[in-house]
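Because only heavy atoms are used, hydrogens play no part in the values below, and waters and symmetry mates are left out as well, while side chains stay in. Nothing fancy with the numbering, it's 1 onward along the sequence.
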Amino acid sequence: MRRFLFIVLVAALVAFATYRYMRLAHSGGPRRVPEKYTPAGVSKIDPKDVQILSALDAEYSRIVAAVIPSVVCVTTQRRIAESPVVDPFEFLFRNRQGRPRERLQTSLGSGVIVSREGHILTNHHVIRDMDKIEVQLTDGRTEPAQLVGSDEQTDIAVLKIEARNIEPLPLGDSDEVRVGQMVFAVGNPFGLSETVTKGIISAKGRRAMADSAVEFLQTDAAVNQGNSGGPLLNLRGEIVGINSAIYSETGGWLGISFAIPANVARRALESLLTRGRIVRGYLGVAMQTLTPELAQQLGARGLGGALVTEVFPGSPAEKAGLKPRDIVRKVQGRDISDILALRSRVAETEIGGKLALAVLRDGHEVALTATIEEAPADLAARQQPPAPR
C-alpha cells in the first residue's frame with residue numbers, strides 16, 4: 001500500500017512539473033513585473049514659435065510632392081563580347097575557335113519628363129552605347145524607351161516613352177539663376193529611387209572638364225552615381241539644370257556637383273526633336289587666349305576677353321565687321337572671360353539671332369552686331385587655336 005501511494009505521489013509531482021513547464025513555455029518565461037514607463041508630454045516647442053520654419057517645411061514638402069512623379073529611373077543594358085571559352089575536346093577534334101562569350105552590363109541613371117508626349121531628358125553618358133533602355137516611373141510602371149537623339153558635346157540625350165497619365169515639368173530660364181539661390185536635386189543615386197537633396201547654386205559658368213562646351217551650374221546639393229540625368233529644380237518646381245557630373249577624389253559626393261543649364265538642355269531638346277541633330281550657332285572666327293604679353297601689345301587692360309586671330313570669309317563675323325587682333329570683351333552685355341566663354345555664348349544663340357559685341361580694337365571700344373548662322377560641319381577644325389609663337 002505504501003509503495004502504491006509513493007508511485008502515485010511521484011506521478012503527481014511529474015504531472016505537476018510537466019504542467020508548470022508547459023505553462024511557462026507558452027507564457028514566454030517567468031511572469032515579468034511591469035516596468036515603470038512615463039512618456040514625455042507635449043513638445044517643449046510651441047508651434048507659434050516656429051511658424052516660419054513650419055511654413056517652409058510644408059512648402060518643401062509640396063514642392064517635392066509636385067515634382068517627384070515627373071522624375072524617372074533610367075535602366076540601360078548592353079552585351080559585351082569577351083574572350084571565347086575554349087573547350088579542350090572541341091579544340092582538338094572539332095574547331096579551334098572556341099565558343100563566343102558575352103557579358104551583360106547594366107547601369108542606372110535618372111531622367112525627367114518634359115513633354116506630355118513622353119519625352120525625357122537625361123545625360124548622353126547614361127545611354128551611350130547601350131542596346132536596351134527602360135524607364136521606371138514613380139508609380140512602378142516600367143516602359144521601354146526609344147532614343148530620339150543624343151549629343152556628346154552637351155551631354156544631353158532625349159528619350160521617349162509611350163505611357164499615359166504622365167506629368168512633365170517645365171524648363172526654367174537658367175540665365176536668371178542666381179548664385180546662392182536654393183535648389184533641389186532629384187534622382188536615383190545608387191539605385192535608391194525618388195531621392196531628393198537640397199542645396200544652393202554655388203557658382204555659374206563652371207567647366208567641369210577643360211574641353212567642355214558647356215558652362216555648368218555648380219551646386220552643393222548632394223549628387224552621386226545614379227543622379228546623372230535627373231533635374232535640378234528651383235523653388236517653383238522648374239528645371240534649371242540637368243545633373244551631370246561631380247567633383248570627387250573618392251567617387252562620392254564632396255559638395256561640388258555640376259548641372260547642365262536648362263537653356264542648354266532646352267536648345268538641345270528642341271534641335272533634336274525638330275532636326276534630329278544639334279544645331280549650333282556660328283560666328284566664324286579663330287581665336288586665341290589673351291596672354292599678358294599680347295594684352296600689353298594690343299593695349300588691353302586685364303586678360304579678360306577672346307582675341308580674334310582670323311576671320312573666315314563670308315562668315316557672320318566678317319559681315320559684322322570683326323577683324324584680326326580684335327578682342328571681344330562682352331556679348332549681350334555679359335563679360336567674356338576667355339575663348340571658351342565666347343564659344344558658349346555663340347553656341348547658345350538661336351540661328352538668325354543677333355549678338356551685340358563689345359570689342360576692343362587698337363585700345364578703343366567698338367560696338368558691333370553679328371547675325372548668327374548655323375555652324376558648318378568642320379567647325380571644330382576651324383576653331384582650333386593656332387600654335388603659340
For this session: Under the side chain to side chain contact (heavy atoms under 4.5 Å, CB included) rule, what do V71 and I68 come out as? Steps first, then yes or no, please.
Result: CA-CA 5 Å; V71 182; I68 280 290; 5.6 Å; no

Exercise. What do you reckon, is CG of D139 surrounded by more than 12 foreign heavy atoms closer than 6.0 Å?
Worked result: yes

Exercise. Is E365 atom CD crowded by more than 12 heavy atoms from other residues, nucleotides or ligands, each under 6.0 Å away?
Worked result: yes

Exercise. Under a single-linkage definition using a 4.5 Å side-chain heavy-atom cutoff for Ile, Leu, Val, Met, Phe, Trp and Tyr, are I242 and L272 assigned to the same hydrophobic cluster?
Worked result: yes

Problem set entry | Donor-acceptor contact below 3.5 Å, side chain S115 vs main chain H119 | yes

Exercise. Any sub-3.5 Å donor-acceptor pair from Q332's side-chain atoms to A356's backbone N or O?
Worked result: yes

Exercise. Do K323 and E310 sit within salt-bridge range, that is, some charged N less than 4.0 Å from a carboxylate O?
Worked result: no

For this session: Mind checking the CD-SG spacing from Q136 to C73? Nearest 0.5 Å is all I need.
Result: 5.5 Å

Problem set entry | Transitive ILVMFWY side-chain link V240 to I260, under 4.5 Å | no

Problem set entry | Any side-chain donor near an acceptor of the partner, T369 and K354, under 3.5 Å | no

Exercise. Does the pair E134/K132 count as a salt bridge with the N-to-O cut at 4.0 Å?
Worked result: yes

Problem set entry | Over 12 foreign heavy atoms within 6.0 Å of CD, E152 | no

For this session: Take V135 and T142 through the test side chain to side chain contact (heavy atoms under 4.5 Å, CB included) and record every step on the way to the result.
Result: CA-CA 6 Å; V135 166; T142 299; over 6 Å; no

Problem set entry | Spacing of I63 atom CD1 and F184 atom CZ [to the nearest 0.5 Å] | 4.5 Å

Please table the atom pairs, donor to acceptor, closer than 3.5 Å between any side-chain atom in residues 160-169 and protein atoms at least two apart or in another chain.
none

For this session: Establish whether I256 and L232 are linked, either directly or via other cluster members, by ILVMFWY side-chain heavy-atom contacts under 4.5 Å.
Result: no

Exercise. With under 30° as parallel and over 60° as perpendicular, where do the rings of F312 and Y282 fit, or are they tilted in between?
Worked result: parallel

Problem set entry | Intermediate values then yes/no, salt bridge (charged side-chain N to carboxylate O under 4.0 Å, His left out), R277 and E374 | CA-CA 12 Å; R277 57 188 175 85; E374 182 178 345; 2.9 Å; yes

For this session: For the residue pair D173 and N263, confirm or rule out a side-chain donor-acceptor distance under 3.5 Å.
Result: yes

Exercise. Between the side chain of N188 and the main-chain N/O of G191, is any donor-acceptor distance below 3.5 Å?
Worked result: no

Problem set entry | Pairwise side chain to side chain donor-acceptor pair (under 3.5 Å) hits with a residue in residues 311-321, at least two apart | K319-E373

For this session: Report the C-alpha separation of I372 and L355 in whole Å, then their side-chain angles, then the decisive distance to 0.1 Å, and conclude whether the side chain to side chain contact (heavy atoms under 4.5 Å, CB included) test is met.
Result: CA-CA 7 Å; I372 299 304; L355 284 185; 3.7 Å; yes

Problem set entry | Residue among S244, S228, S150 satisfying side-chain hydrogen bond (donor to acceptor under 3.5 Å, both in side chains) with H124 | S150

For this session: Please say whether more than 12 non-hydrogen atoms of neighbouring residues, nucleotides or ligands are located less than 6.0 Å from CZ in R141.
Result: yes

Problem set entry | Donor-acceptor pair between N227 and S110 side chains, under 3.5 angstrom | no

Exercise. Linking I/L/V/M/F/W/Y whenever any side-chain heavy atoms sit under 4.5 Å apart, do V72 and I239 land together?
Worked result: no

Seminar exercise, completed: Rounded to the nearest 0.5 Å, the CD1 atom of I336 sits from the CZ atom of R329 at a distance of 11.5 Å

Exercise. Between R206, R345, K204, which is the residue that forms a salt bridge (charged side-chain N to carboxylate O under 4.0 Å, His left out) with E215?
Worked result: R345

For this session: Check for a donor-acceptor pair, side chain of N243 on one end and backbone N or O of A259 on the other, with a separation under 3.5 Å.
Result: no

Exercise. Do D338 and T289 have a side chain donor and acceptor closer than 3.5 Å?
Worked result: no

Problem set entry | Any donor-acceptor pair under 3.5 Å from E270 side chain to R267 backbone | no

Exercise. Would you call L307 and M287 a side-chain contact if the rule is heavy atoms closer than 4.5 Å?
Worked result: no

For this session: Scan side-chain atoms only and decide if S257 and T219 contain a donor-acceptor pair under the 3.5 Å cut-off.
Result: no

Exercise. Distance-only, no hydrogens or angles: does the N234 side chain make a donor-acceptor pair with backbone N or O of E238 under 3.5 Å?
Worked result: yes

Between side-chain atoms of residues 39-55 and protein atoms elsewhere (two or more places apart, or another chain), which donor-acceptor pairs fall under 3.5 Å?
residue, atom, partner, partner atom, Å
S43, OG, I45, N, 3.0
D46, OD1, K48, N, 3.0
S54, OG, V50, O, 2.9

Problem set entry | Heavy-atom side-chain proximity of V308 to V328 below 4.5 angstrom | yes

For this session: Please check if L233 and I156 belong to a single hydrophobic cluster, counting links between Ile, Leu, Val, Met, Phe, Trp and Tyr side chain heavy atoms closer than 4.5 Å.
Result: yes

Problem set entry | Salt bridge present between D326 and R361 (N-O < 4.0 angstrom) | yes

